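Structure record follows, encoded as structure tokens.
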Amino acid sequence: MKRIPMMMQLALILFCIMAIPMAILTWYSSSQILRNSEHAFAETSLAELNANRELNENALNNLSQNTVRLGGTDIFDRIRPFKSLAGLKKDYMNVSKAMAVLKELLNLNQSVDGVYSSFFYLDDANYVISTDKGITSLDKYESIDWLNEALLEQKGIRGVWYPRRLDSGVNVISFALPLNRLSTATRGTIVVNLKERQIEQYLRSTKSGKQGYLLMKPSGAIISHHDKDLLLKNAYEEPFITEIARQELSEGYMFRELSGERLLYAWSRSNEFGWTNVSIYSVDELMNKPHSLQRGIILLTIVIIFAGSILTVFIATWLSKPARELVRTIRGRVNPGVQDKNELVFLEAAFRRMQEEEEGLYKLLSIREQDAQSHAIHSLLRGEVTPQAEEIFPASHFLVAVVSIDGYRKYISRNNPETRSYHRYLLLSTCDHLFPEEVYARCVYHGDGHFVILINYRQGEDDNHRIGIHNALDRMRNTADELLEYSVTIGVSSPADSIRLVSDRLGEALEAIKQRMIAGSGGITYWREEEARDKKYIYPANSERRILNFLGHGDLDNIIEELRIIRDEIRSAEYVSYDNILFIYHQLVGVTIKHLRENNVSTARIFTRRGNIYAALASFDTLDELEEYVIGFYSEIVHYLTRSPGASNRYAERIIHYLNEHYREEIIFEEMAKEIGISYSYMRKIVYEQTGKSISDYLNLLRIEKAKELLLNSNLSIAQIASEVGCMNVRSFNRLFRKFEGMPPSSYKMQRSRTS
């Protein structure tokens, strides 16, 4: 795009502004037309289906009503006495009565279009009177066994419609009406066979295009279908018919895809008959005209876009003319270093270069000003008062606050120099905006994780601004926590009424920082003169002797406990200085190293990874960190001594000797470990390494061996032997003996007596 001329870019932009909305509008409008057309066709199809259903139902109701009226006459009573065809034909009068019935049936056929035939069957008679075969015997007429199945669907005294296929192959819907006892004493059934073709005429749609229809009973039996091979079969085997049957609505429509063709299914249920009418249409054929309309809209849109494209070229040429003239003017005066680019890129590069030069000059001035201020503040902290420092801090009263990063060694190890430099920049730029407007505050980096905030305020405003300054320092602490992801401790000096006392107040703030050794990190500490500063140093000499004694026995647990006693003693003291705390731990470390060297232990092997131990002690901020380091110091010594050659063997001999001396007693292993001079866990490890068994199993095995000697070489009873080897009772002794020997002690003694 940067190489395309500006005129072409404008033409492209104008084209997109015109063409894209028009294309979207065309697509949206055409899709809405198709969608609305589909639903309009569906609504009209559903309305036509309802009209056809009502027409069909009216025809069926007329036929059923005519049949009911015929059943209510006395015409059938005349042949009631004649149960056999032979009896009927004996007398001409009887035949005349039967012919009268036939005539009424013929009249019934003509009352409605599409009636194929009708007949009357007198119950228990051996003949029927039909319009297609006249008066004929039952065995010569088609079977009427279907009547029993059809009449099972009868409700009340109304007749029932039953679809079937005649022996002649004609598909009909038969209306079977048993004569009503309320109107006549004759028992028989009138049957009218309506052609299925007549139903098809009622149900077929007048719409053009591929279509189909379906009429089915609630059971799924197909009454009428455009495919005659499917008549009387299960409609639920047809596509989507089961889905229609599950619909709760009495009428509706849906669109479905079948074999790549989009179809419309409209359905309507009859409340009177319970039948479901379904019409099937090919949407593709119904939508021929809407699709033609859509193609016309798309073609018109293409023509409009083409004409608009020509217009956009002329407009772009006219709009880009001033910019092209400006580029020619600037190109002769400024060289932005852009070649073979269009006018917009050239102008952008030229203005960017001018802006960069302006910003560079501004930054250079700002840096020089900041460097000068920072130099003046650093000089002031060293005790050198310069005129520029007096300009920066015009008020008479001063406070010095030092912000120190807690755990600075960890902070350095986890952040590279670039990250630390960025953190310093953020803290320095944030500091000035945290204090009230009447307070002048400047922050500089003082090295080793310390930021010095020099706070200047006017005389008489000390009490008024004390709360504001404290809140600003609290916000500074929270801001540092968020930026560094490390807590900070802030030390604040006492007030000073002269700029020349600033360097002394810096020492007070640094001294206040050291109080986090006892108070913990993450707080704000104000310097105060302590009366107890003149007290002598404290030193736990008794703890020192006990630690050296525990060290000789490898008892790390008691060493840790003694270190905690020292920590609690320091915290409970009325006053203890930072230097006193370092002296205590320096002395402990020094005495320990001296003790190791006097016992010919190589300290170089133990502390190869620790570097300068005294420098590490001085780098910790809190008493808890200091204690944790010293615990690790003693842990390394104990682990080294316990791993040294011969140590395990010496302790193993003492353990086995102790067990041989005290196996008759109830041994508490923790007390045994203390008496030997090692920890319980280390004692368990030594026993397992030397014997391959746990200490309890080894003790029990020792007792069993002693018991076996007494069983074979003495006359003592089982109870006496159990007591001799330290078992509490005979029962536990027997269980223990069986565990190791696989038999009770009495059996063992008997077996050994026999072999000897």
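Nothing here was measured: the structure is a model prediction, and the numbers come from that model. Throughout, numbering of the chain's residues begins at 1 and tracks the sequence.
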Practice item. Evaluate whether atom CD of Glu670 has more than 12 neighbouring non-hydrogen atoms of other residues, nucleotides or ligands under 6.0 angstrom away. Key: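 Yes, because the 6.0 Å sphere around CD of Glu670 holds more than 12 heavy atoms from other groups.
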
For the residue pair [X] and [Y], what are the closest heavy atoms and their distance?
{"X": "Ile721", "Y": "Leu711", "value": "CD1-CD2, 3.4 Å"}
{"X": "Tyr445", "Y": "His450", "value": "CD1-O, 3.4 Å"}
{"X": "Glu562", "Y": "Ser543", "value": "OE2-OG, 2.9 Å"}
{"X": "Ser521", "Y": "Thr489", "value": "CA-OG1, 3.5 Å"}
{"X": "Ala441", "Y": "Phe435", "value": "CB-CD1, 3.5 Å"}
{"X": "Leu588", "Y": "Ile547", "value": "CD2-CD1, 4.2 Å"}

For the pair [X] (side chain) and [Y] (backbone), establish whether a donor and an acceptor sit closer than 3.5 Å, ignoring hydrogens and angles.
{"X": "Ser421", "Y": "Pro417", "result": "no"}
{"X": "Ser747", "Y": "Met743", "result": "no"}
{"X": "Asn456", "Y": "His397", "result": "yes"}

Distance-only side-chain donor-acceptor flag, [X] / [Y], under 3.5 Å:
{"X": "Ser494", "Y": "Arg505", "answer": "yes"}
{"X": "Tyr634", "Y": "Thr592", "answer": "yes"}
{"X": "Arg382", "Y": "Ser379", "answer": "yes"}
{"X": "Tyr411", "Y": "His423", "answer": "yes"}

Exercise for review: List the steps and the verdict of side chain to side chain contact (heavy atoms under 4.5 Å, CB included) for Thr525 and Ile513.
Suggested key: CA-CA 7 Å; Thr525 305; Ile513 287 291; over 6 Å; no

Check your understanding: Between Arg414 and Glu485, is the closest basic N to carboxylate O distance under 4.0 Å?
Key ->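 A salt bridge is absent here (no side-chain N lies under 4.0 Å from a carboxylate O).
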
Review point. Given the rule in the side chain to side chain contact (heavy atoms under 4.5 Å, CB included) test, do Val400 and Ile453 qualify, once you have shown the distances and angles that lead to the verdict?
Key: CA-CA 6 Å; Val400 178; Ile453 305 175; over 6 Å; no

Review point. Please, which pairs that meet salt bridge (charged side-chain N to carboxylate O under 4.0 Å, His left out) have at least one residue in residues 393-407, sequence neighbours excluded?
Key: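 Qualifying pairs: Asp406-Arg516.
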
Exercise for review: First locate atom CG of Leu701, then atom OH of Tyr663, and finally report the distance between them rounded to the nearest 0.5 Å.
Suggested key: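 With rounding to 0.5 Å, CG (Leu701) is 13.0 Å from OH (Tyr663).
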
Practice item. Please lay out, stage by stage, how Phe669 and Val687 fare under the test side chain to side chain contact (heavy atoms under 4.5 Å, CB included). Key: CA-CA 12 Å; Phe669 295 129; Val687 173; over 6 Å; no

**Study point:** Name of the residue among Leu454, Ile392, Leu506 meeting side-chain contact (heavy atoms from CB on, under 4.5 Å) with Leu380
**Key:**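 In the set Leu454, Ile392, Leu506, the residue that makes a side-chain contact (heavy atoms from CB on, under 4.5 Å) with Leu380 is Leu454.
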
Review point. So, for Phe393 and Tyr440, is the gap between ring centers shorter than 6.0 Å?
Key: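 No, the ring of Phe393 stays outside the 6.0 Å limit from the ring of Tyr440, centre to centre.
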
